[in-house]
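Every number for a ligand or one of its atoms is a count from 1 in the order of the listing. On a predicted model such as this, the values are computed, not experimentally measured, just so you know. Only heavy atoms go into these numbers, but all of them, side chains included; no hydrogens, no water, no symmetry mates.
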Amino acid sequence: MKRLDALIVGAGFAGLRALYRLRGMGLDVRVIEVSDGIGGVWYHNGYPGARCDVESFDYSYSFSSELEQEWRWSERYATQPEILRYINHVADRFDLRRDIFLNTRMESADYDEAAAEWEVRTADGDVFRVRYLLLCMGQLSAPKAPNFDGQDDFEGEIIHSAVWPKHDVTFEGKRVGIIGTGSSGMQMTPVIAKAAKHLTVFQRTPNFSVPAANAPVSDEEDAKVKATYAARRQQALNSPTGLGFKPNRQSALDVDDAEREKVYEAAYHRLGFGFALSYHDILLSKPANDTAAEFLRRKIVERIEDPKVRAKLVPSDHAFAARRPSVDSGYFEAFNRDNVTLADIREHPIEAFEPAGLRTSEKLHELDMVIFATGFDAFTGALLKPDIRGRDGQLLRDKWAAGPITHLGVGTQGFPNLMIVVGPGSPSLLSNVMVSIEEQTDWFADLIEKANADGIVEIEVDAKAEQAWVAHVNERAQETLYMTAASYYNGAEVAGKPRVFMPYSGGIRNYRRILESCAKEGYSGFTLRRAPAAAKDRVET
Ligand code: NAP
């Protein structure tokens with residue numbers, strides 16, 4: 001049994017950041033990580049073409065200006081290998097590895113009410129007793145895969161994009177199928193199309209996408225950003241989503257067509273994901289959204305030669321960005337190649353695997369390899385896998401059976417001293433997640449510092465506060481178009497999952513102000529105790 005001040009679960013961007021900060025406070029802290037390497041999703045999503053769709057300068061830690069100055073990004077949108085190199089560089093530069101246990105899966109965590117401690121058990125039988133348990137387990141880290149009839153009889157290879165093998169995967173001479181056209185499927189399509197003998201993309205829902213406008217980072221741009229990095233970070237902190245450029249505060253409906261076209265054209269060629277911020281109301285008003293969606297549909301049409309294929313690829317069943325759009329590098333153009341076929345599985349659903357390939361209601365697609373780019377059980381998938389038991393042995397998965405209930409996305413009543421980093425109910429995937437990670441880990445660290453200074457041993461969310469927060473998260477979501485589409489933002493990605501809005505859509509800046517005022521008010525919505533509630537009860541009875 002190992003006794004610690006804090007245990008962090010997950011060695012991705014969040015876990016490393018939490019380790020750096022908590023260790024810096026002199027706490028005895030460790031990280032456990034189920035994989036055999038650090039990096040979280042960036043360790044596993046090694047599929048061809050994987051890259052970040054937030055600009056590298058913004059998708060990076062801000063806690064060390066030395067790190068900011070010395071690291072040299074090679075491209076505006078970094079590839080997965082470059083991001084993984086960055087993560088490993090950070091781990092080495094700040095000597096983080098010595099406190100990380102790899103190949104260590106948290107199987108259960110039980111709250112000991114009398115001691116105000118968590119007892120964490122790993123799959124190998126190791127036990128940790130800790131005051132604080134920080135869950136840094138990711139929002140898109142529990143891959144989900146279909147289970148078609150006949151899958152085991154398929155004679156080719158099946159790979160999931162989010163569990164990409166560490167060995168070289170070759171496509172030369174192969175007939176490859178990709179199922180799924182979210183960001184992962186759209187990113188890998190043009191790369192695999194160039195290498196494979198034939199590529200079939202199985203599409204259920206056509207997705208909006210904006211070109212990445214990727215480019216090498218010139219020495220001049222690198223120097224320019226580094227000279228004004230602090231201002232860029234401030235801008236990100238004060239923006240709705242944590243991206244490093246100024247959003248337009250105008251309404252898309254307050255300008256004439258020519259002006260709007262000019263703004264969209266410029267954003268389309270330079271801003272990638274930030275296209276959605278061209279006007280402030282793109283995600284708030286359907287008529288405003290229609291202007292952006294119509295512009296993007298025109299652009300998609302221009303990129304595809306065959307009118308029949310084009311008609312299938314143009315998204316029409318949801319508002320732009322109500323589902324997560326992609327930022328692509330040649331996705332639509334890939335369908336102009338002779339060796340790429342689009343299989344519309346809404347029209348002709350997949351029926352089963354056969355030894356030679358995938359049978360749809362139309363025909364057998366003969367394949368040597370099938371890639372599942374079918375996404376994740378988002379937001380709650382990883383958090384609810386282990387048995388996390390709070391007061392009275394209540395399982396977190398039972399408490400959240402009808403959807404996650406949190407105060408500020410950071411904790412939940414009945415599970416004291418449990419801290420969720422970038423959890424449901426926080427801006428999470430509606431933000432540049434790096435900004436959210438740093439903000440929340442620092443907020444937790446300040447809270448722990450205060451608790452230690454004041455002799456606090458138990459920190460617990462109040463039931464009323466979490467009810468009010470869940471209601472607020474829902475109210476904010478209702479102001480947007482997010483609930484008008486079925487997506488992983490609202491639980492539609494997994495059959496039977498509660499259909500509730502998961503992230504907080506009120507924006508990074510608002511959220512930061514809420515966190516700050518919570519702290520200023522002595523952590524309103526939380527009860528901070530000098531003795532465990534259970535121990536007090538015992539004394540009183
Ligand atoms: P995703 O967006 O959830 O897309 C999954 C795709 O698989 C969808 O097209 C879905 O169709 C399809 N699908 C799922 N189950 C299926 C089934 N049983 N049969 C047929 N089709 C099925 O997943 P993702 O592409 O992995 O991306 C997830 C998120 O990860 C992204 O939105 C993004 O936040 C993040 N990501 C980021 C980057 C980046 O930074 N550039 C790259 C990759 C991923 P339906 O839509 O019809 O359900």
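Between the side chain of W73 and the main chain of V217, no donor-acceptor pair closer than 3.5 Å is present. Side-chain N or O atoms of N336 include one that pairs as donor or acceptor with a backbone N or O of E305 at under 3.5 Å.
Under the side-chain contact (heavy atoms from CB on, under 4.5 Å) test applied with R51, the options N214, V327, N45, I83 reduce to a single match, N214.
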Run through all N or O atoms in ligand 1 and write down each protein N or O closer than 3.5 Å, as a pair with its distance.
from, atom 1, to, atom 2, distance (Å)
ligand 1, 7 (O), A373, O, 3.3
ligand 1, 9 (O), T181, N, 2.9
ligand 1, 25 (O), S183, N, 3.0
ligand 1, 25 (O), S184, N, 2.8
ligand 1, 25 (O), S184, OG, 3.3
ligand 1, 26 (O), S184, OG, 2.6
ligand 1, 32 (O), Y488, OH, 2.6
ligand 1, 34 (O), R324, NE, 3.4
ligand 1, 34 (O), R324, NH2, 3.4
ligand 1, 34 (O), Y488, OH, 2.9
ligand 1, 40 (O), D53, N, 3.2
ligand 1, 40 (O), D53, OD1, 3.1
ligand 1, 41 (N), R51, O, 2.6
ligand 1, 41 (N), D53, N, 3.4
ligand 1, 41 (N), D53, OD2, 3.4
ligand 1, 41 (N), Q187, NE2, 2.8
ligand 1, 46 (O), T205, OG1, 3.4
ligand 1, 46 (O), R323, NH2, 2.4
ligand 1, 47 (O), R204, NE, 2.9
ligand 1, 47 (O), T205, OG1, 2.4
ligand 1, 48 (O), R204, NH2, 2.9

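Environment of NZ in K308: sparse, with no more than 12 heavy atoms of neighbouring residues, nucleotides or ligands closer than 6.0 Å. In K299, the NZ atom is crowded: over 12 heavy atoms of neighbouring residues, nucleotides or ligands sit closer than 6.0 Å.
Looking at R232 and E55, a side-chain N of the basic residue comes within less than 4.0 Å of a carboxylate O on the acidic one, giving a salt bridge.
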